[in-house]
Amino acid sequence: MSPEPRAAFIPVLNIPRSDFPLRTESTFLLREQRIPESSIIFRDEIDLLALHRAKFLSLTLVDHHVLASRDAGLEEAVVEVIDHRPLEQERPPPCRTTSELVGSCATLVTEKIFQGPVEVLDQTTAALLHGTIVLDCVNMAPEAGKVTPKDIHFASLLESRFPDLPPRGVIFEALQNAKFDVSGLTTEQMLRKDLKAVSGKDVVVALSSVYVTLQDFLRRPAVERDLCAFCRQRGYDALLVMAISFNERNQPFRQLAVYSQQGELQTAVSPFASLAVKERRGFPWKLWRFLGSC
């Protein structure tokens, strides 16, 4: 079914505007393409439910396919899904679904663009798609286990059509550096950038990964005050700060600090939390079990 002739196609980032600075690789890529942040519409700036009730809304979900519970009222507005993850939810016709386990959802978007009028693809759009594919697929390195033949094909197609695109290695290094560059973030933003939380019966513990050395993080001005405010505002009883830095061979080095104003909880959590460093992952399963008993 063709869209209405007067339909407006509006890309909406499914995050509040206040979270956008945390996506440092995205802000870098848009800045490189001279796309001002003011031209972007965020989820908290448009009333999708009102548009749906007025029968003015058709939603295409890109890089995800399950609506958040708060958006359950928008289910009937979903007309298309483009995602590269395994489907948790099947959508019956007339919803169109493009689902394929490729390294980057931008690969599937590029494929759809090449299936339509090619004039919609300009240098700026190509650069955004190409940079995203290269970053998601870890510079097309097979050992990373991300890239697929389709990712390689459409990255190459973009490069052949737009020969002025930067080399893959150059754009990957720039985006990878931007992804872990927190120099422009406040302590509160750093803690929110990669944040998970788990709760027990009476205890809530959060884990925040920050991409600096622990020494540099603890040297930030008024860091203890900021940690206290962060936990109080969100109702966390304890906060695990995992500092991740990289050596000259780009290998990660992890350090951990535990913050809590409850001395007994800090002492109890610390031995379990240290497993998150040893196991090189987030909440260790023993900590989940411990919290379940609290």
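Because only heavy atoms are used, hydrogens play no part in the values below, and waters and symmetry mates are left out as well, while side chains stay in.
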Next on the checklist: Quick test of your reading: applying side chain to side chain donor-acceptor pair (under 3.5 Å), list the pairs with at least one residue in residues 66-78, sequence neighbours left out, ordered by first then second residue.
Outcome noted: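 Found Arg43-Asp71, Glu75-Arg91.
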[atom1]-[atom2] distance between [X] and [Y], expressed to the nearest 0.5 angstrom:
X      : Y      : atom1 : atom2 : result
Cys137 : Lys146 : SG    : NZ    : 8.5 Å
Thr110 : Gln115 : OG1   : CD    : 11.0 Å
His65  : Thr98  : NE2   : OG1   : 13.0 Å
Glu80  : Thr60  : CD    : OG1   : 4.5 Å
Ser99  : Ile82  : OG    : CD1   : 11.0 Å
Arg220 : Met190 : CZ    : CE    : 4.5 Å

Next on the checklist: Would Arg254 and Leu256 count as a side-chain contact (heavy atoms from CB on, under 4.5 Å) here? Give the steps.
Outcome noted: CA-CA 7 Å; Arg254 295 171 174 83; Leu256 188 73; over 6 Å; no
Can you see which heavy atom on [X] is nearest to which on [Y], and at what distance?
X      : Y      : answer
Gly103 : His84  : O-CE1, 3.5 Å
Ser199 : Val204 : CB-CG2, 3.8 Å
Ser208 : Leu239 : CB-CD1, 4.2 Å
Ala155 : Met140 : CB-CE, 3.5 Å
Pro21  : Arg17  : CD-O, 3.6 Å
Ala243 : Leu214 : CB-N, 3.5 Å

Do [X] and [Y] sit in one hydrophobic cluster, given that two such residues count as connected whenever their side-chain heavy atoms are within less than 4.5 Å of each other, even indirectly?
X      : Y      : answer
Leu49  : Ile10  : yes
Val66  : Val81  : no
Leu74  : Val79  : no
Leu185 : Val223 : yes
Val62  : Phe114 : yes

Say whether [X] and [Y], considering side chains only, have a donor N or O and an acceptor N or O under 3.5 Å apart.
X      : Y      : value
Asp83  : His64  : no
Thr124 : Asp122 : no
Arg192 : Thr186 : no
Thr107 : Asp151 : yes

How about [atom1] on [X], more than 12 heavy atoms from neighbouring residues, nucleotides or ligands closer than 6.0 Å, or not?
X      : atom1 : result
Glu264 : CD    : no
Glu224 : CD    : no
Gln266 : CD    : yes
Phe56  : CZ    : no

Are the side chains of [Y] and [X] in contact, using a 4.5 Å heavy-atom criterion?
X      : Y      : value
Leu165 : Gln123 : yes
Leu67  : Leu61  : yes
Pro86  : Leu101 : yes
Leu51  : Asp47  : no
Thr187 : Phe217 : yes

Checklist entry - Who else is in Leu29's hydrophobic cluster (ILVMFWY, side-chain heavy atoms under 4.5 Å, direct or via others)? => result Leu13, Ile15, Phe20, Phe28, Leu30, Ile35, Ile40, Phe42, Leu128, Val134, Leu135, Val138, Ile171, Phe172, Leu175
Item to check | Pairs meeting criterion salt bridge (Lys or Arg N to Asp or Glu O under 4.0 Å) with involvement of residues 226-247, two or more places apart | outcome: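 Passing the test, one end in residues 226-247: Glu188-Arg234.
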Checklist entry - Can you list every salt bridge (Lys or Arg N to Asp or Glu O under 4.0 Å) pair that touches residues 208-219, not counting sequence neighbours? => result Asp216-Arg219
Next on the checklist: Leu129 vs Phe154, test: side-chain contact (heavy atoms from CB on, under 4.5 Å). Steps then yes/no.
Outcome noted: CA-CA 10 Å; Leu129 292 167; Phe154 282 103; over 6 Å; no
Checklist entry - side-chain contact (heavy atoms from CB on, under 4.5 Å) between Arg168 and Glu159: does it pass, once the steps are laid out? => result CA-CA 9 Å; Arg168 295 175 186 176; Glu159 291 160 356; 2.6 Å; yes
Between [X] (side chain) and [Y] (backbone), is there a donor-acceptor pair under 3.5 Å?
X      : Y      : value
Thr24  : Lys179 : yes
Asn139 : Ala141 : no
Lys196 : Leu207 : no
Ser156 : Ile152 : yes

Item to check | Near-ring test Tyr259/Phe230, centroid separation under 6.0 angstrom | outcome: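 They do not qualify: ring centres at least 6.0 Å apart.
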Next on the checklist: Test side-chain contact (heavy atoms from CB on, under 4.5 Å) on Asp63 and Arg85; report intermediate values, then the result.
Outcome noted: CA-CA 8 Å; Asp63 208 10; Arg85 299 174 179 84; 3.0 Å; yes
Next on the checklist: If the condition is side chain to side chain donor-acceptor pair (under 3.5 Å), which residues does Asp136 pass it with, not counting sequence neighbours?
Outcome noted: Ser104
Next on the checklist: Checking Arg23 now: which residues fulfil side chain to side chain donor-acceptor pair (under 3.5 Å) with it, not counting sequence neighbours?
Outcome noted: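 Partners of Arg23 under the side chain to side chain donor-acceptor pair (under 3.5 Å) test: none.
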